[in-house]
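What follows is one structure encoded as structure tokens, with my remarks underneath.
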There are 2 protein chains.
Amino acid sequence: MEQPSTIASPRGAAAATIEEVAARAGVSRSTVSRVLGGGDRVSPAALESVRRAIDELNYVPNRAARSLASRQTLAIALVVPEDTTRFFGDPFFASLVTGINEKLASTDYLLNLFIASGDPGDKTTNYLVGGNVDGALIASHHASNTFLERIHRAVPVVFGGRPLVADLSGYYFVDVDNVEGARIGTRHLIDRGHRRIATITGPLDMPVGSDRLQGFRAEMAAAGLKPGPAEDGDFTVDGGTEAMQRILAAGVPEAVFVASDLMARGAIGVLRAAGLRVPEDVAIVAFDDSPVATTMTPRLTTVRQPSREQGEAMVDVLLARLAGAEPPHTTILHTELVIRETA
Amino acid sequence: MEQPSTIASPRGAAAATIEEVAARAGVSRSTVSRVLGGGDRVSPAALESVRRAIDELNYVPNRAARSLASRQTLAIALVVPEDTTRFFGDPFFASLVTGINEKLASTDYLLNLFIASGDPGDKTTNYLVGGNVDGALIASHHASNTFLERIHRAVPVVFGGRPLVADLSGYYFVDVDNVEGARIGTRHLIDRGHRRIATITGPLDMPVGSDRLQGFRAEMAAAGLKPGPAEDGDFTVDGGTEAMQRILAAGVPEAVFVASDLMARGAIGVLRAAGLRVPEDVAIVAFDDSPVATTMTPRLTTVRQPSREQGEAMVDVLLARLAGAEPPHTTILHTELVIRETA
DNA sequence: ATGAAAGCGCTAACAT
DNA sequence: ATGTTAGCGCTTTCAT
């Protein structure tokens, strides 16, 4: 060991620089840089000695310097404009992140996750706009316009879900056909012979929320039925509970189309507490097909949303853009009905 | 515009540089830099014109350049060496992240989250070692030594839980007193008059796993009781299910100390399926006091672990180190028993 | 209070 | 195949 262990300070030993590696290997900076870049146009001898020097010095290139010079970071941000409770509570994010992570694992890009709830000081935004990542994935939902637009202007972005902006042109996003999904789910209820059908929606200021309500209404209309009450369940278990209570207060429906599995869980709890059987007294079709759909009893009949594939598709589109290709601005994924026990 | 707009590419308009801001404001780079740094030793007039220029140009400092020069990034990494399933499935991480996030929100530091499951190419490690963050928080668990040590050597690190390294000296960590917690939980079972007590453990290659088993055994020994079977439930619902099945196969215990809420959920499912009542036939004390403890029926009697406080404490220690202070290497948090319905 | 000048550690032409 | 030369955009002495 030639390096004395200087490590009494918080940061470890002063990091070796490319210059030191070059000196030790008896070559120039450029040669070391070439080795770092894949070892092309480097003699076997030089390559060997550089590699050894890197090893001995425990050298890792300084990324700030590297990105400053090369204008790329090899990092991709996933921004989730939600608070931690929602982020961890909603299984949608788990699948989305899983899809993204897996797709990115085989590339040189590293995924940075930002849980940017309120972020008063715009720390996250400045970080992204400041050139710290090559591209960003945003699980849009109900983020404020300025926030989205600032990032979108500075760095290639792909949205998960339809971004909430005035003018969609120029934006890239991967969305699920929520209108279609809601129609499929509602249709199943109608096919089962139900007529008085209520719905529990997500927040209507979110595209996912309003799209699913729209699908519900469209399908009811197509069947010549008058839609029952629609109550906002906030995409949470508790919200679903309260929404169901409000619906019940107005009379017991034959069936309920619930716009997420989580809300369905809350709703079913209320139904049972009221002595109503599912599906015998009230049938339920939910939306998501997340793990809770099979974990709870009775197991949910639900509209499957391909969240993981959505994550993968987002990465595909972003990577294509970063590679200079021209992927389609809009990618739409489809849903399918999974019939289990609640309808 | 002296620079031709080469940017038909994905990224938006070329970002303004400090030089352009200076020119527009009619001052030097240095003055702009001072304004950026807080506006000290700058005349009101200059300050005003620089601010306007920044605004008009939509200027955001390039962070790579800034960190290269200033040797700090204002970013802090949270590294979770787990796969996404575990990360999202275990409520422990949700509270930990919540605590960390909240504590960091009021500082200038930005939290970068890395879900570094396998990471074959060491992308995450190189990112951290490459100086991309000022410090790192690691939810340690069962990460490989080399991984932890490489990061620890390069950047100030604080671990959540006791890191799995040969020599603990030099490491900073915030841990929960798991031995004590397990003793408290086990004691409660003994106090209730139970004698034949089994345990479902976490993986024993994790400090949390072995500590809780050790506490269970210590308390049983202190009471002069022979510990019942111990089965590894992997800290998951399914693992808990299987562990309980193995225990049952060897005979029905009077009580089980289960080292996590999630595993208790699986275990109770098995018990009920076997026609056994909880707590009448088999009493259960779990560990965590996560949201599932009150969500399920019956509600869990469990040892409360302050995960959120743990996250906050981790940030405190790291921030202290970054500020040049000398916080204690070890911080131990305590547990308390929460009595509900299962014991 | 302000500017000039010297890097931070790296990549990327451009020579050779 | 290798070295030389410029920067990348910023902070930071050091003068003034």
Length of the line joining [X]:[atom1] and [N]:[atom2], which is rounded to integer Å:
X	N	atom1	atom2	value
B/Q72	C/dC8	CD	P	18 Å
B/L47	C/dT2	CG	C1'	13 Å
A/E19	C/dC8	CD	P	10 Å
B/L68	D/dG7	CG	P	17 Å
B/I54	D/dG9	CD1	C1'	14 Å
B/R63	D/dT11	CZ	C1'	15 Å

A/A65 vs B/L36, nearer the 5' end of DNA chain D by closest nucleotide: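 Its nearest nucleotide lies further toward 5', so the answer is A/A65.
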Counting distance alone, no hydrogens or angles: does the base of [N] have a donor or acceptor under 3.5 Å from a partner atom on the side chain of [X]?
X	N	answer
B/R34	C/dG3	yes
A/R29	C/dT11	yes
B/S30	C/dA4	yes
B/S33	D/dT12	no

Of the candidate nucleotides [options], which contains the atom at the shortest distance from the side chain of [X]?
X	options	answer
B/I18	D/dC10, C/dC10, C/dT2	D/dC10
A/V27	D/dG3, D/dG9, C/dC10	D/dG3
A/S70	C/dT11, D/dG3, D/dT12	C/dT11

Side-chain N or O of [X] closer than 4.0 Å to phosphate OP1/OP2 of [N]:
X	N	answer
A/S28	D/dT4	no
B/R71	C/dG9	yes
A/R41	D/dA1	yes
A/T17	C/dG9	no
A/S67	D/dC8	no
A/R66	C/dT11	yes

Aromatic ring proximity, centroids under 6.0 angstrom, B/F93 and B/F88: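 Not close enough - the centres of the two rings lie 6.0 Å or further apart.
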Sugar-phosphate only, base, or nothing, as touched by A/A46 at under 4.0 Å among non-hydrogen atoms: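 Touches sugar-phosphate only.
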Ring geometry between B/H152 and B/Y171 (parallel below 30°, tilted from 30 to 60°, perpendicular above 60°):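 B/Y171 vs B/H152 ring planes: parallel.
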Parallel, tilted or perpendicular: rings of B/Y172 and B/H329 (30°, 60°):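 Correct class here is parallel.
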Estimated bend of the helix from C/dA1-D/dT16 to C/dT16-D/dA1 (axis per five terminal pairs, rounded to 10 degrees):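 About 30° separates the two local helix axes.
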Chi angles and distances behind the side chain to side chain donor-acceptor pair (under 3.5 Å) call for A/N126, B/R63: CA-CA 9 Å; A/N126 282 334; B/R63 294 195 48 143; over 6 Å; no
Donor-acceptor under 3.5 Å (B/N112 side chain, B/A77 main chain):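 A pair under 3.5 Å: no.
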Check: A/I18 and A/L36 side chains under 4.5 Å, non-hydrogen atoms: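 Yes; the side chains approach each other to less than 4.5 Å.
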Worked verdict on A/T331 versus A/V158 for side-chain contact (heavy atoms from CB on, under 4.5 Å): CA-CA 10 Å; A/T331 307; A/V158 175; over 6 Å; no
Shortest non-hydrogen contact from A/L168 toward A/P163: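 Shortest heavy-atom contact: CD1-O, 3.6 Å.
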DNA chain C: 5'-proximal contact among B/A69 and B/V42 (nearest heavy atom):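 So the residue in question is B/V42.
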